Amino acid sequence: RRGPACATGSRRRRRRVKVSHRGVHHAFDAPFVGVLASQQTGMIAGLRRDRIQLVERGLAGEFSITILSFEKLQDWSDCQRRQGLQEQLDRAGIKWLPLRCPKRPSVPATAFDVVHGVARGTAVSMRQKPEIVHVRGYVPGLIGLALKSVTGARFIFDMRGFWPDEKVDAGAWRRGSGVYRAAKWIEKRLLLKADVVVALTQAGVAEIRKFPYLRGDEVRFAGIPTCT
């Protein structure tokens with residue numbers, strides 16, 4: 001069910017190096033599991049080659065990194081792009097765990113994705129004992145919360161924007177609807193449980209701090225633009 005098979009080259013063994021790192025990860029010198037890609041945009045479609053090079057130069061030599069992503073069938077079927085991505089990740093010593101993404105995202109399909117992601121992430125975590133789980137987006141955030149509970153790892157929620165409200169602004173959801181309230185409930189859980197919350201701008205951080213349930217809560221924030 002993964003699509004056509006592609007020939008694969010040799011895979012390099014990952015090195016695990018203990019070195020301090022600047023920035024938001026400075027206190028987290030440990031094996032690292034990342035749930036980085038959202039349900040709609042996987043590694044093949046959404047992560048550019050230059051972005052991987054930034055990760056390779058900045059983190060891959062210092063951390064043991066595993067990326068769990070959801071890939072669309074049409075992207076997975078592109079053997080040339082998939083092999084190129086795999087080779088670059090192998091050179092960086094980054095392990096990639098791609099999962100299938102449904103053609104038409106829905107509540108049942110998303111629930112299945114979360115369960116599948118938690119199962120795969122837990123299996124990896126039991127072997128690697130990660131101390132950091134990084135997620136980008138709300139749906140991967142549910143997977144990250146489960147892995148934090150199972151492993152006790154520090155949890156970095158890279159929320160980027162206000163997804164439920166963006167859906168309302170785009171006309172996809174109605175404010176006050178069941179799906180909107182559910183997404184806001186997820187947002188609240190993610191913000192309250194995160195050890196670090198990443199937003200696009202300091203203005204976004206300031207807006208999050210106004211949320212009533214975060215008043216008096218010592219959440220660590222970082223404003224990191226998309227181009228970083």
Side-chain angles (χ1 to χ4, degrees), residues 2-3 5-72 75-76 78-101 113 116-137 139-141 143-144 147-148 151 153-158 160 196 198 224 226-228:
R2 282 187 165 186
C6 301
T8 57
S10 61
R11 301 172 72 93
R12 292 179 53 186
R13 295 180 63 86
R14 291 172 299 131
R15 295 179 301 163
R16 184 168 295 169
V17 183
K18 296 286 187 176
V19 183
S20 60
H21 190 271
R22 301 187 302 275
V24 69
H25 305 293
H26 70 278
F28 302 152
D29 183 14
F32 182 78
V33 166
V35 184
L36 300 181
S38 70
Q39 178 185 353
Q40 291 76 22
T41 305
M43 287 282 289
I44 299 172
L47 197 57
R48 300 192 311 269
R49 186 173 298 271
D50 58 345
R51 191 73 56 80
I52 299 174
Q53 290 172 345
L54 287 174
V55 174
E56 182 177 356
R57 291 196 299 266
L59 291 174
E62 304 178 12
F63 295 86
S64 175
I65 301 176
T66 299
I67 298 177
L68 175 67
S69 67
F70 293 92
E71 306 297 330
K72 294 181 179 180
D75 296 324
W76 187 258
D78 189 335
C79 290
Q80 183 175 0
R81 291 179 62 198
R82 173 154 54 106
Q83 285 181 326
L85 173 62
Q86 184 67 74
E87 289 169 2
Q88 188 172 12
L89 292 172
D90 286 345
R91 287 194 299 271
I94 298 172
K95 184 176 181 181
W96 180 30
L97 298 178
L99 304 180
R100 278 281 304 279
C101 178
D113 286 346
H116 193 189
V118 169
R120 288 295 301 275
T122 299
V124 172
S125 297
M126 291 299 96
R127 296 193 302 269
Q128 298 184 357
K129 308 297 182 185
E131 294 186 20
I132 303 172
V133 174
H134 174 283
V135 304
R136 184 167 181 172
V139 173
I143 299 172
L147 297 183
K148 173 182 173 69
T151 66
R154 294 180 176 93
F155 176 50
I156 301 176
F157 175 40
D158 192 344
R160 303 278 101 179
V196 176
V198 177
I224 303 178
T226 299
C227 60
T228 302

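We number each residue from 1, following the sequence as shown. Note that this is a predicted model, so its numbers are computed, not measured.
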message: What I'd like to find out is whether the side chain of Phe70 reaches to under 4.5 Å of the side chain of Val139, using heavy atoms alone.
response: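 A side-chain contact under 4.5 Å is absent here.
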- prompt: Under 4.5 Å between any side-chain heavy atoms of Leu97 and Thr66, yes or no?
  reply: yes
query: Can you tell me if Arg81 uses its side chain to pair, donor with acceptor, with the backbone of Ile44 under 3.5 Å?
result: yes
What distance separates [X] [atom1] from [Y] [atom2], expressed to the nearest 0.5 Å?
X: Ile67; Y: Arg136; atom1: CD1; atom2: CZ; value: 11.5 Å
X: Arg82; Y: Trp96; atom1: CZ; atom2: CH2; value: 7.0 Å
X: Gln83; Y: Asp78; atom1: CD; atom2: CG; value: 9.5 Å
X: Ile156; Y: Lys148; atom1: CD1; atom2: NZ; value: 10.5 Å
X: Thr151; Y: Ile132; atom1: OG1; atom2: CD1; value: 11.0 Å
X: Met126; Y: Leu147; atom1: CE; atom2: CG; value: 8.5 Å

task: Given side-chain contact (heavy atoms from CB on, under 4.5 Å), test Val135 with Ile143 step by step and report yes or no.
output: CA-CA 8 Å; Val135 304; Ile143 299 172; 5.8 Å; no
field: Atom of Leu68, atom of Gly117 and distance for their closest heavy-atom approach
entry: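 Smallest heavy-atom distance, with atoms named: CD2-O, 3.6 Å.
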